[in-house]
There are 2 protein chains.
Amino acid sequence: MRIFCTPHSRSAHSSTSRQLTNMLEFDHSTTVGTTLYKEVKRRVLRALAAGEWKPGEAIPAEKKLCELFSVSIGTLRKAIDELVAENILIRHQGRGTFVSMHNREQQMFRFFNVANHDGTKSYPHLELIAFAKKKAGTLAVQKLRQPGSKVYEFTNVLSLQGAPVIVDDITVPDLLFVGLTEAVLRNRPNTLYSLYQVRFGISIIRIEERLRAVSADARYADLLHLAIGAPLLEVRRVAYSYDDQPVEWRISHINTEHHEYMAQAAHYS
Amino acid sequence: MRIFCTPHSRSAHSSTSRQLTNMLEFDHSTTVGTTLYKEVKRRVLRALAAGEWKPGEAIPAEKKLCELFSVSIGTLRKAIDELVAENILIRHQGRGTFVSMHNREQQMFRFFNVANHDGTKSYPHLELIAFAKKKAGTLAVQKLRQPGSKVYEFTNVLSLQGAPVIVDDITVPDLLFVGLTEAVLRNRPNTLYSLYQVRFGISIIRIEERLRAVSADARYADLLHLAIGAPLLEVRRVAYSYDDQPVEWRISHINTEHHEYMAQAAHYS
DNA sequence: AAGTGGTCTAGACCACTCT
DNA sequence: GAGTGGTCTAGACCACTTG
């Protein structure tokens, strides 16, 4: 007679879970209302957050993971499916499954929503115009959930087709970005988020943005070569890493005279 | 000896497909690079577009669909999975799988991205201030891909907490909205998109929006009780139905002094 | 109790990639 | 050819809903 695994029963399930403990610390706090494939997903995420598999590297083959987690191929694939859908892993048929990187051409524009009026996107030219380490302001503390800590604050001006279009005022917690300097920011070869990943091991998974229309004050008018009072698109962004941990807070001001912010909505709210 | 279905071989596959032809016309034009579950998904979509199963109704049980399409439960579920992920179907454990509706409370805010500064959303009060049938302008023709046709144009003013905040200038093709009148727009009980669905059989599946900051002209200043030149968020939206067919083109102007436009990005660009 | 969707299994064969 | 992910099967048991 066959003995079936009873995935919805906590007792039978936790015994399965225990076998996986050697991989990473077992954390009971997040083990509520779980199913086998969710549990597998959580393990993979934890391994990623711990740097067990690094961006660009392949993770073990599906069959290997089935043995490692003691689940069937169907269950394993359902877990991986979700991670692929969330852009955390990338599958290449015949090659393997890889941890997503941010420095690839195609990923370049993932979180860069500014386009020309015809919908095409161009590479921005970038200039760092300010850099400082200071105590976090109340707004930054709130957004980054890092009370009482210090932060790095720096400002980039992005130009498209030779004209300045965007001013980014960026704040990151110093505890996560140990060793960040002006030189590091100037010498990076790729995008800012690829620098975060390669240099500091921080992967940006998700962003939330709030948009408003404002009038240019003296500073923005100067930086963007506009008249004071000209309409600007203000974008306030919080960028999140694997555990929904906020790691960057930025305010962008965009001259939308010749460019647009592109948004889409299809899947759930 | 067992005979396996060879899903990737066209000859074996098309014989399977033929069995389904009684349901709807077989269309060879879209049968390229297909897999079994994609084919099943396409059949379901076609049935939905044909009105075979209507919004709010349950579609046949998974086991029934397995027999109908002659596929296994795993394949059937993979097809339905994608339709659920795209918000076209909704599954309720123990009850059935239903065609998505737009008039439910929870769906109310799906395409309504304007929120208070604290992130909460409120029901807008709505006033119809203009309605006309006219020849489509060049911009509307381009966005709606309906050359030479007539359109309905109407304008709504949306108020939040008693103050006017948004002006929506909306254009829809008359061929799809036969019988649209001012009275129909005034007497609708739910959202505009639920009216589209219930009254005209048009389901909005996806929207694309482009955002800019502009200065209020005399019309918007008047409607939104602002000074001329005040910064406004301009949102240009195209709304799409099942076959990626554009069915609505609207330009919104939003006073973001006390409200924000919320955007998110996580899944693929 | 009957019917529905949700999860899981164990294994098959296919298409693709790399060596 | 060996190894990878991609698709598909046939059936099991579970949790939930409704009569």
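Proteins get letters first, then strands, A, B, ... in listed order; numbering begins at 1 in each.
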Rounded to the nearest Å, what distance is computed from the [atom1] atom of residue [X] to the [atom2] atom of nucleotide [N]?
X	N	atom1	atom2	result
B:K63	D:dA10	NZ	P	15 Å
A:E67	D:dG3	CD	C1'	14 Å
B:R77	D:dC8	CZ	C1'	15 Å
B:Q93	D:dT18	CD	P	12 Å
A:E62	C:dA10	CD	C1'	15 Å
A:I80	D:dG6	CD1	P	10 Å
A:I90	D:dG6	CD1	P	12 Å
A:Y37	D:dC13	OH	P	22 Å

* Distance-only, no hydrogens or angles: does the B:D118 side chain make a donor-acceptor pair with backbone N or O of B:T120 under 3.5 Å? -> yes
* To do: Ignoring hydrogens and angles, tell me if any N or O in the side chain of A:S241 forms a donor-acceptor pair with the backbone of A:I202 under 3.5 Å.
  =>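 Not a single qualifying donor-acceptor pair exists.
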Between [X] and [Y] (salt bridge meaning N to carboxylate O under 4.0 Å), is one present in this structure?
X	Y	value
A:E67	A:K64	no
B:E82	B:K78	no
A:R91	A:D81	yes

Any [X] side-chain N or O less than 4.0 Å from OP1/OP2 of [N]:
X	N	answer
B:T75	D:dT7	no
A:R95	D:dG3	no
B:S72	D:dC8	no

* Asked: Touch check for B:G74, heavy atoms < 4.0 angstrom, all strands: base, sugar-phosphate only, or nothing?
  -> base
* Using a 4.0 Å heavy-atom cut-off across all strands, classify B:I73 as base, sugar-phosphate, or nothing. =>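 It contacts base atoms.
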* Asked: Given that B:K78 and B:G94 both sit by DNA chain D, which one's nearest nucleotide is further toward the 5' end?
  ->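 Final value for this comparison: B:K78.
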* Asked: Given that A:L76 and B:G96 both sit by DNA chain C, which one's nearest nucleotide is further toward the 5' end?
  -> B:G96
